[in-house]
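Letters go in sequence order (proteins before strands), and every chain restarts at 1.
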Amino acid sequence: MLTRNIQDLPTVYDARETEENIYKFWEENEMFKADAKSQKPPYSIVIPPPNVTGVLHMGHALDETLQDILVRYHRMSGYETLWVPGTDHAGIATQNVVEKKLREKGISRYDLGREKFLEETWDWANAHKSRILDQCKRLGASFDRSRERFTFDEGCSNAVKEVFVKLYEKGLIYKGKYIVNWCPRCRSAISDVETEYVTEHGHMWEISYPLKNESGAIIVATTRPETIFGDVAIAVHPQDHKYSELIGKKVIVPLSGREIPIIADEYVDRNFGTGAVKITPAHDPNDFEVGKRHGLKPIWVIDGEGKMKACGEVPPELHGLDRYEAREKVVGMLSYEKFLLRTREHEHNVGKCQRCGTTIEPLLSEQWFVKMKPLAEEAIAAVKDGRIKFIPERWEKNYLGWMENIRDWCISRQLWWGHQIPAYHHKVTGEMIVAKENPDPNVWEQETDVLDTWFSSGLWPFSTMGWPNIDSDDFKKFYPTTTLVTGFDIIFFWVARMITMGLEFTQKAPFSTVYIHGLIRDEKGQKMSKSKGNTIDPVEIIDKYGCDALRFTMTSLCTYGGQDIKISDERFEYGRNFANKIWNASRFVLMNLDDVDNSNIDLSKLTIADKWILDKLNSVAKEINEDIKNYRIGETAHVLYDFFWNYYCDWYVEIAKVQLKDESLKLNTQRVLRYVLDMSLRLLHPIMPHITERVWQLIPHTEDTLVSAKKGNNSAIMLAPYPVYREDLVFTKEAKEMELVFETIKSLRNVRQTFNIPMNLNFNIEIRATEDEKPIFEAIESYVKRMAKVDSVTYEDESVPQPPKSATAVVFGSKIIIPLENLIDLDTEVQRQKKKVDKLIAECKSLEARINNPKFMANAPVELVEQTKLRIAEIKDQEARIMSLISNLS
RNA sequence: GGGCGUUUAGCUCAGUUGGUAGAGCGUCUCCCUUACAAGGAGAGGGUCGCGAGUUCGAGUCUCCCAACGCCCACCA
């Protein structure tokens, strides 16, 4: 167990020990569990379900961290907060993994048969199911594990059937023969978005098709000569004079002997290739359209495995040959028979299967589709009218552009792992029905195809909430969800489909905000991938630097524009160092709270420094709340880092050391130290949950605080109210006056450094202060003494001559003189002062240029003019005093 | 072909109502001062990609160009 003894806390923060114990503490007390019966306003997020067989990668780490930040922030801000975890059955991806395992054993899925194979895959999925979500625990994810879902579980499957049947009944799902992207390796159709195009070097072959019954030929350019056996026509442009004579005539397909017509179609580009195209409707999407227009029957010559079909159209020596081998052979044959006229190098885009990288074979086959146009209308409207907002906004354009040109979605997959399509064929009559319930299995046989994985993930925001049961507590309380957090790479795959389906089936947008973040890349900006070997394992980073360090670093790298994030191992030192800083500052505070009472700060007894830090904290709290609401999450990391390190640690804690020595100030200083630490930890908690909880548990809290953060018998920072702006903690005047402390101390430190004065030699200083500034100097004397190593402070009148061998710091309207006797080199001091003057002169010059510009005086806002004048006066004043100093020295 | 993003200190990047440029890392000096060397103190470092325009004033708004990156469409 974690020690509660302050003296035993290690000087270096031990992330590993802390994180494990703290997460257990939250889980054991069920602090992530949402209450659907709560009266609090709801805040809900559904996780983008990672693949069930997946392993946690940096992309998840970022995505989960951002969700957790939002969830923790809202939970602390008084919302009933639900974060639904779960996994995706990931049709092709999972099936591929299992098939690979089988292949290692020398068997294929066909050897097992569908039923056995599914059993095998279920076993595999169940075995890995909890792995990735368990890894998310190491990220500190505060999701509600009691509500964990799986896209292939009973409830989700039920939702899938419901949706399928309803869409079918509405005529929005249809089955038909169309050209689809076919992956010969997966032996399945895939959708357009699952096809990625890459530019490849290839060849363009010009082939001569002799005219029938007369001399002459038409020359056709193709990149795919092996499909020649599937040719059903040659097409030319109707206005192409080169070929107008030939339209309607017939040619003989080389190597085949079949006769095909020459047809005219607008589709043909006169200027490309030879201006004549061979039409192969079974194996090319454009050709399919042309063929349909001209009533030509397609001829299949390539099968589902990408091999030449053993049919009458294809010469026997090519039967069963792989499409690429066949291509080579065909080229050879064409060349031998003198049909091949020319071979050219050619660059073209080739479609690849997103899952396995295999070159797509456009294939005419019978598939199921969702008619998207009617569904897209509402999905477009919802974004246009602001029911759904994208952050950053530019993704809206991207989404709308895609939606407005949407094409039908091919949802059937010739796989086994997935939701089997709820359509049934009559064994005798062949009649087909679509139904939620399986009719008599003796008579009806279910469709063998399964659905695209994204079909079920498209229902995720409501299928996880109990839909189609719209009376379920979760659906009523937590649907629609609030925010969806994801990367831009799945806007089309997932976000667009959730919006479409959500609107269609719940009449509500499934979420109101889509928060899109950048993608994680390696330090060179390359996408991380296993094959490139440039991945960084988040679990390793957590082991090495700690979860909070990982989270903080990644958060700090998130920009408002959602730029991609480049990371390297060393970058996480940033977060680790900050965690260590928090740890040690906390240790200091805790060590000095040993005899603190249990009360709140006495606001009537605050010192100027107390007021300053409270004022700063207050404005930080205000800013952080605004930033999170506006999804400027990276900014919150920077603001908190700056506040905690550069304000609280560097200045307030040092000042507190002085105040703690003063018995009259000690008690209230302890309270301020504790209060600011407590609030800082709360502000930081969404980003760095573990360390903040760990420290918070060690703070001797007031009774109010403990009650406000209580669940059962325990209080926790993760349940404590998030700090908000407080009117009673605004101390503008004191905050401004503290600048004098900083300027004074910095100036004295500069003098010490410039003249190499050792730390163990203290200064005696003389202050010549203005009337306004003198009382402030008196109030802050003790801070200056300790922090700038000053022994004595005396106040002199400006008329008293300055000691000849002294350095001088001009601070605001006042002058601080440091007599240095033989320690000072007057030339150096002159140089030092000159540098200051130069800076002032430069600033003054540009300001005066403004004032002297009548247009500026006429157009600029009055406050700015006033401010500028004031600043000039200030500069002039300082400048004059430094100049007189210099002349005295020289 | 269409669209989007990026270009700011040696490196990685912040910088939303236009008002004299910031951080982290790195560099140079000094310091183990009883929270922290994963630390403290001080210092140096930028004509904000190029060109023009709007404006009293532009890193910030408009246009052009360049380089790099991404997305969509696609030619057989």
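For A:Gln753, taking side-chain heavy atoms from C-beta onward, the closest of the listed nucleotides B:C4, B:C74, B:A41 is B:A41. Candidate nucleotides B:C4, B:G24, B:G40 were compared by shortest atom distance to the side chain of A:Asp650, and B:G40 ranks first. Each of B:A35, B:G24, B:A14 was ranked by its minimum atom distance to the side chain of A:Val653; first place goes to B:A35. Of the candidate nucleotides B:G5, B:G39, B:A76, B:G39 has the atom nearest to the side chain of A:Trp645. Comparing B:C36, B:A76, B:C75 by their nearest atom to the side chain of A:His348 picks out B:A76. Taking the side chain of A:Met759 as heavy atoms from C-beta on, and the options B:U33, B:C36, B:C74, the nearest nucleotide is B:U33. Side-chain proximity of A:Ala860 to B:A76, B:A35, B:C56: nearest is B:C56.
The pairing partner recorded for B:G42 is B:C28, the criterion being a Watson-Crick or G-U wobble arrangement whose two distances lie under 3.5 angstrom. Remark: B:A21 base-pairs with no nucleotide in the shown strands. Criterion, Watson-Crick or G-U wobble with two distances under 3.5 Å. Remark: B:A66 base-pairs with B:U7. Criterion, Watson-Crick or G-U wobble with two distances under 3.5 Å. Across the strands present, B:A58 finds no partner; the criterion is a Watson-Crick or G-U wobble pair with both atom distances under 3.5 angstrom.
Along RNA chain B, the nucleotide closest to A:Ile875 and the one closest to A:Glu523 are compared, and the more 5′ of them pairs with A:Glu523. If you find the closest nucleotide of RNA chain B to A:Leu557 and to A:Leu847, the one lying nearer the 5' end belongs to A:Leu557.
Rounded to an integer number of Å, the gap from CG of A:Asn398 to C1' of B:G3 is 9 Å. Spacing between atom CZ of A:Arg571 and atom C1' of B:A23 amounts to 11 Å, rounded to whole angstrom units. Straight-line distance from the CD1 atom of A:Ile655 to the P atom of B:A35: 16 Å, rounded to whole Å. Regarding A:Lys789, its NZ atom lies at a distance of 18 Å from the P atom of B:C30, rounded to whole Å. Between A:Asp192 atom CG and B:C74 atom C1' there is a gap of 13 Å when expressed in whole angstrom units. Taking atom CD of A:Gln670 as the reference point, atom P of B:A35 lies 15 Å away to the nearest angstrom. Separating the CG atom of A:Asn760 from the P atom of B:U34 is a distance of 13 Å, rounded to the nearest angstrom. As a whole-Å value, the separation of A:Lys566 NZ from B:U7 P is 11 Å.
For the pair A:Lys855 and B:U55, the criterion of a side-chain N or O lying under 4.0 Å from OP1 or OP2 is not met. Between A:Asn750 and B:A43, a side-chain N or O to OP1/OP2 separation shorter than 4.0 Å is present. For A:Gln563, a side-chain nitrogen or oxygen approaches OP1 or OP2 of B:U6 to under 4.0 Å. The phosphate of B:A76 (OP1 or OP2) has a side-chain N or O of A:His346 nearer than 4.0 angstrom. Note on A:Asn859: a side-chain N or O is less than 4.0 Å away from OP1 or OP2 of B:C56. Taking 4.0 angstrom as the limit, A:Asn577 places a side-chain polar atom (N or O) nearer than this to OP1 or OP2 of B:G39. Dashed line: the shortest gap from a side-chain N or O of A:Lys746 to OP1 or OP2 of B:G40 is not under 4.0 Å. Put simply, A:Lys581 has no side-chain N or O that comes within less than 4.0 Å of OP1 or OP2 on B:G39. Side-chain N/O atoms of A:Thr11 include none lying less than 4.0 angstrom from OP1 or OP2 on B:C36.
Listed for the A:Thr280 side chain is no donor-acceptor partner under 3.5 Å among the backbone atoms of A:Ala282. Side-chain atoms of A:Asn534 come within 3.5 Å of backbone atoms of A:Lys527 as a donor-acceptor pair (strictly under, hydrogens ignored). Listed for the A:Gln354 side chain is no donor-acceptor partner under 3.5 Å among the backbone atoms of A:Val193.
More than 12 heavy atoms of other residues, nucleotides or ligands shown are found within 6.0 angstrom of NZ on A:Lys785.
A:Pro861 comes within 4.0 angstrom of a base, heavy atoms only. As judged by a 4.0 angstrom heavy-atom cut-off over every strand, A:Val220 is placed among residues making no nucleic acid contact. Base contact: A:Phe272 has a heavy atom under 4.0 Å from a base atom.
For a distance-only test at 3.5 Å, the side chain of A:Glu654 qualifies as a donor-acceptor partner of the base of B:A35. One N or O donor and one acceptor, one from the side chain of A:Lys657 and one from the base of B:A35, sit under 3.5 Å apart. For a distance-only test at 3.5 Å, the side chain of A:Arg576 qualifies as a donor-acceptor partner of the base of B:A38.
Using a 30° and 60° split on the angle between ring planes, A:His517 and A:Tyr515 fall in the perpendicular class, above 60°.
If you check the side chains of A:Gln659 and A:Thr669, you find a donor sitting under 3.5 Å from an acceptor.
For the pair A:Met58/A:Leu550, a side-chain contact is recorded, criterion being any heavy-atom separation below 4.5 Å from C-beta on.
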